[in-house]
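Here the structure comes first, spelled out in structure tokens, and everything after it is commentary.
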Amino acid sequence: MSKYHFNEIEAKWQKHWAKNHTFKAENLSEKPKYYVLDMFPYPSGAGLHVGHPLGYIASDVYARFKRHQGFNVLHPMGYDSFGLPAEQYAIQTGQHPAETTKVNIEGGVDKNGNEIEGYRKQLDRIGFSFDWSREVRTSNPEYYKWTQWIFLQLFESWYDKDSDKARSIEELRSIFSSEGNIHINAACDEGIAHFTASEWLEFSEIQKQEILLKYRLTYLAETEVNWCAQLGTVLANDEIVNGVSERGGYPVIRKKMKQWSMRITAYAQRLLDGLDKIDWPQPLKDSQTNWIGRSKGAIVEFKVLPPAPSKGRGDVNVSTDSKGRGAESAGYLTGNSAIIGTLLSRAKEMRKNPTKAESILWNELRTKKVGYKFRQQHPIDNYIVDFVCLSKRLIIEVDGEIHQYQLEKDGERELLLKEKKGFKILRFTNNEVINNLQKVVSKIESTLKVLPTGEDLGGDFLEHLEQVSIPPLGARGTIPVFTTRPDTIFGVSFMVLAPEHDLVSKITTSEQKEAVENYVEATAKRSERERMADVKTITGVFTGAYAEHPFTGDSLPVWIGDYVLAGYGTGAVMSVPCGDQRDYDFAKHFKIPIPNIFKDADISEEAYSDKENTTITNSDFLNDLSYSAATEKIIAAFEEKGVGEGKINYRLRDAVFSRQRYWGEPFPIYYKDGMPHAIPTECLPLRLPDVEKYLPTEEGEPPLGRAEKWHWDERTREVVSPPLEGSGEDIFPLELNTMPGWAGSSWYFFRYMESGKTESDSKRDEVFASKEALNYWKNVDLYIGGSEHATGHLLYSRFWVKFMHDRGFAPVEEPFKKLINQGMILGESAFVYRVTLASGNVKEDNSETIEILKKIPNFFISYNILREKGQVQNGLLSTISLRNKLLSIIREQSRDVSEDFLSQLVPFINDLHVDVSLVNIHNELDIEAFRNSREEYKEAIFISEKGIEINNNNEKYIVSREVEKMSKSKYNVVNPDDICEQYGADTLRLYEMFLGPLEQAKPWNTAGITGVHGFLKKLWKLYHSGPDESFYVTDSPPSEGQGEDLKTLHKTIKKTQEDIENFSFNTSVSSFMIAVNELTAQKCNSKDVLEPLAILISPYAPHIAEELWRKLGHSESISTAPFPKFEEKYLVESSKEYPISFNGKMRFTLELPLDLNKDEIETAVMAHEKTAQYLEGRTPKKVIIVPGKIVNIVG
RNA sequence: GCUCGAGUGGCGGAAUUGGUAGACGCGCUGGAUUCAAAAUCCAGUGUUUUAGGACGUGCGGGUUCGAUUCCCGCCUCGAGUACCA
């Protein structure tokens, strides 16, 4: 006697597989390779729900199938274990993220005493065929050593556009030394000045480093970043959803900060082209294509005209460099020119309102009392410092009452001032200044003595800026714009700059200055979300400046407006109101002329943006040309005139790579003379230091600023404490930022290729993966995961792999050959309907009424009563009878509530999520369990389907159901452990596959699981048809003569193989059910049928298959048994049940031999009595016969 | 707004190249077994009907002997994206 004891069987085989390393992949194998990978999971503390393993089950089925087909399969698993949740948890509890991460993976007890199962155990219970010997965790130093190594390779590389690949910085240095940068065609920062070889050789090392930084593939630069104050960090574009942070949903603002960036834009075209070579879902490719956003057009420069004499004092000549940056040559102009207007007004105000300590100290510092010139409230870069001595590069800050503008301190501030701009910072508290002024002054004086002296070119900052803001002459100033419609250039009637544009402060006339500055400031304050929320409001300000049309010579007013984005193209547009709706709306709003340059186009209501059926007119030499002809002609004209050229523009921006957080890879970078330097690769990993708190420092530095030892000693090559004053010329501060989550996940698939550390042949300590391993496994053959990674992980890893390929570290250019997005499994939330009786006189609510209300119990009303009678209107229970019913229940219970009060009560109804574990498959609520779930429900009264109070077991309370995302907060989470416990892992695996197509989102319904569970029981029975359900399989040939069971088997082989290859897992589960139903009916017990059947089912239900395999007499695991071979001969039929249709409607079927030809079929059909019946005497006009398929009679 | 995807019984979903719509499972109904329940087994189950049929794959057209499948227009839902010049 033997029942299907799935718990025993599953535990037994899971142990067996682990012990025998059944699924270990070999790096040296005769077999062809196949690499199946799941997207890297983040090990969260919440554990798995049934939605998580869906993709893993699918990939496991495929991996097991490939093993049966004779492939050497690599199917690894590991953890993307750096990340925000562990760090947020660390901030709350003080626990080291490494510890919580370990518990989340391996299990244990968390700080609140909660038992945590751990990811690994949960995964093991489902019977995956992972090769755990190759596991990786991104937060292990052994792993992130190589993440840092790859970062340094990017740092030591530049992108050569001519050979279209990344090359080493050493090669760039040697090109510079031999020919300067004139012939270099690189992906680099804009506006790098040209230099010759001899000039290069003359440069100081710092200057050289500064220039090289502009070419490196990862570089440090001032960029507009997405700053999230609540998370205390910057975010990448893909980490922002609808203008708020993806994690936590906090607001995000645009901000300029010095950050590490990755020059992914260098790869824009290759990332686009590569999409054609990979087998990915079209929507995913589309979203990458959109994200890269290639558009073809032209770049044109418009000259800025000198202001008209009447309009101002246009005689101050300030030189501008190619980026339009003026004034920066003066040593005291240390503020960031882009936001100087804002800084300026803040500085002014702060000078007017000094704190007590500030004014005391200023008295001691002003007019060179200490021997050096100090400045008060002075802008440096993006900040305003309290006092600064520029010649000594000494900043003095007084802490305490903080100016309100400085409340939003940020992590970069001190780092930037101290380590990148080379300032020394002295910090005093208000108390020290007020109570111990003498000590403070002498500290300042002694510090001044030791510091080297630089220059402070006189003049006052504020006064100077007054002058600078007078518009410079436009002789060298131009506004470059990008346009996809260069053919419409004669329709330009104005220009618009982004408010953040560098030129804004340069060209604004004094008349317009105030309006412009107000506008710029207002725009900067608006969050991205606000800007998105109202795209309809048209705003903008005229700068007072004019630009010259390159062909007509017309003066075009230059505006600023926030519909122009600083980050796209050049941050400026030539506005063609007749052809672009946004320009049209802007022109209409500000009453700017709208010239029409399209023949026969009506632009009275809206812009005419059609390209294809367009004829250009009013456009000089472009008249009567089509869009394409005009475009070609005008670009030639641009080039001839030297005002522009054809250009391809991408929406893709360089990816910000710094995070002001603790739990990430440290950058292997230290700062010397303000320039970043790489730590020698031999010294990696640079380990994450311990800190006593995971928050930013008081100065707003990232958490790493709290580490005691976080300086690099060049001489001893180790991490050391900061140098003492006057010593340690070899000791430099290390970078305080850490890398983002996508750093570790951009290359992990390569790490799996190398054998695990415990293997004798492992080279994991020497290389990120050995050449042999990389060349054998190449890339991932099948990658399964969610579509949420479309523009993050999947784009960044493609970028890194292309880079690694360029530099010869990887043999392939694309990481993932085939990719499948599994759909989400949704939860079926359950709702109960609670009626609360509240006093109708809400305003008179007082503690007395509240006391009385407390005596009134909660009512819960069964769903169908409400549904059927439509009793809910705006949250109010509308039926009086029901209300009276509730009141009478209260009276019956003789609660101490006056009749008068009762009559005032108004019932409110709301639906509440109820834990799905308290509801059975018939949607009946377990009332007792529900009462016990919360104190406030203890006395609740339930109204049944029949509308009466429930006080026995015959009455039912029915909940309503709704499909929602599965989440703890919705109480609809189904835990796979529970399913395994109750039905077994094989049932879980089958059911997840059976639910529906892998790619589709589908609701989980635990009730349906009995179907597949019943199937497994039937399967087991099929092999146990002996006396007392003993194992019974015979060697006798399959049901002699009939061959019905072989037909069933081969039909199933064919279907299963086709289905797996098409990733149509749900239909193959159906075909197993059909097979087992048929074989059971046939009373099949033949080994020739049942043995192959076990292999067919093994990828889906490996435990039961392994057990049956053992019972069939095999000592080896079923996992590598060859997949049964399909043989057509068993499916050959001799006759066909023909559907006979009349005018396309099937009326009856007729069994006929398959070897009949058309004429014979027609004769047979026409002779049939039913045919005559359906024809009702008519003569058929036509008889369509498709032999083997159908017969259709028309007439 | 734009891009992509999807609409089939009470539910999850099948249907290969245009050829018997609703496979398989859940649920439901009836029956067997049982003291009873669970489990198991058997039968039925798109709607409608005057029991012959009629109608049925989001809606309206079209192509075809024949359309869930192909074409045109529309509606609804979901996902991505967000002024990209």
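Proteins come first, then strands; the chains are lettered A, B, ... in the order of their sequence lines, and each starts at number 1. As the structure is a prediction and not an experimental result, all values here were calculated from the model.
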| task | Flag the pair A:Phe590 / A:Phe494 as yes when their ring centroid distance falls below 6.0 Å, and as no otherwise. | result | no
| How about A:Glu1137: does its CD atom have over 12 heavy atoms from other parts shown lying under 6.0 Å from it? | yes
Write down the protein N/O and nucleotide N/O pairs, taken from nucleotides 10-17 of chain B, whose separation is under 3.5 Å; answer none if there are no such pairs.
{"unit_1": "B:G12", "atom_1": "O2'", "unit_2": "A:Leu995", "atom_2": "O", "d": "2.4"}
{"unit_1": "B:G13", "atom_1": "O3'", "unit_2": "A:Asn1066", "atom_2": "ND2", "d": "3.4"}
{"unit_1": "B:A14", "atom_1": "OP1", "unit_2": "A:Asn1066", "atom_2": "ND2", "d": "3.1"}

| request: Looking at every strand, decide which applies to A:Asp286 at a 4.0 Å heavy-atom threshold: base, sugar-phosphate, or nothing. | output: sugar-phosphate
| request: Residues of residues 647-655 of chain A with any non-hydrogen atom less than 4.0 angstrom from an atom of RNA chain B: list those, numerically ordered, please. | output: A:Arg651, A:Arg653
| query | Given B:A54, is OP1 or OP2 found less than 4.0 Å from the side-chain N or O atoms of A:Arg1147? | reply | yes
Each nucleotide N or O in nucleotides 37-42 of chain B that has a protein N or O under 3.5 Å away: list the pair and distance.
none

| Whether A:Phe1015 and A:Phe1072 hold their rings parallel, tilted or perpendicular, with breakpoints at 30° and 60° | parallel
| query | Which label fits B:G13, syn or anti, where anti is any glycosidic angle not within 90° of 0? | reply | anti
| If we call it a pair only when both distances are under 3.5 Å in a Watson-Crick or G-U wobble match, what pairs with B:G30? | B:C42
| Under a 4.5 Å cut-off applied to non-hydrogen side-chain atoms, are A:Val916 and A:Glu828 in contact? | no
| Using a cut-off of less than 4.0 Å, is there contact between a side-chain N or O of A:Ser295 and OP1 or OP2 of B:A85? | yes
| Side-chain H-bond candidate by donor/acceptor type, A:Asp286 with A:Gln282, under 3.5 Å | yes
| said: Under 4.0 Å, counting only non-hydrogen atoms across every strand here, what does A:Ile1074 touch: a base, just sugar-phosphate, or nothing? | reply: sugar-phosphate
| said: Only pairs with both distances under 3.5 Å count, Watson-Crick or wobble alike; so what is the partner of B:A54 in this structure? | reply: B:U47
| Among B:C26, B:A85, B:U20, the nucleotide that comes nearest once only the side chain of A:Val564 is considered | B:A85
| task | State, yes or no, whether a side-chain contact exists between A:Val1012 and A:Met1073 at a heavy-atom distance under 4.5 Å. | result | yes
| Between A:His1013 and A:Tyr991, is the gap from one ring center to the other below 6.0 Å? | no
| message | B:G25, OP1 or OP2 - any side-chain N/O from A:Asn1077 closer than 4.0 Å? | response | yes
| remark: Here the distance between atom C1' of B:U81 and atom CD1 of A:Ile292, to the nearest Å, is 14 Å
| A:Pro283 has a side chain; which of B:C4, B:U20, B:C65 sits nearest to it? | B:C4
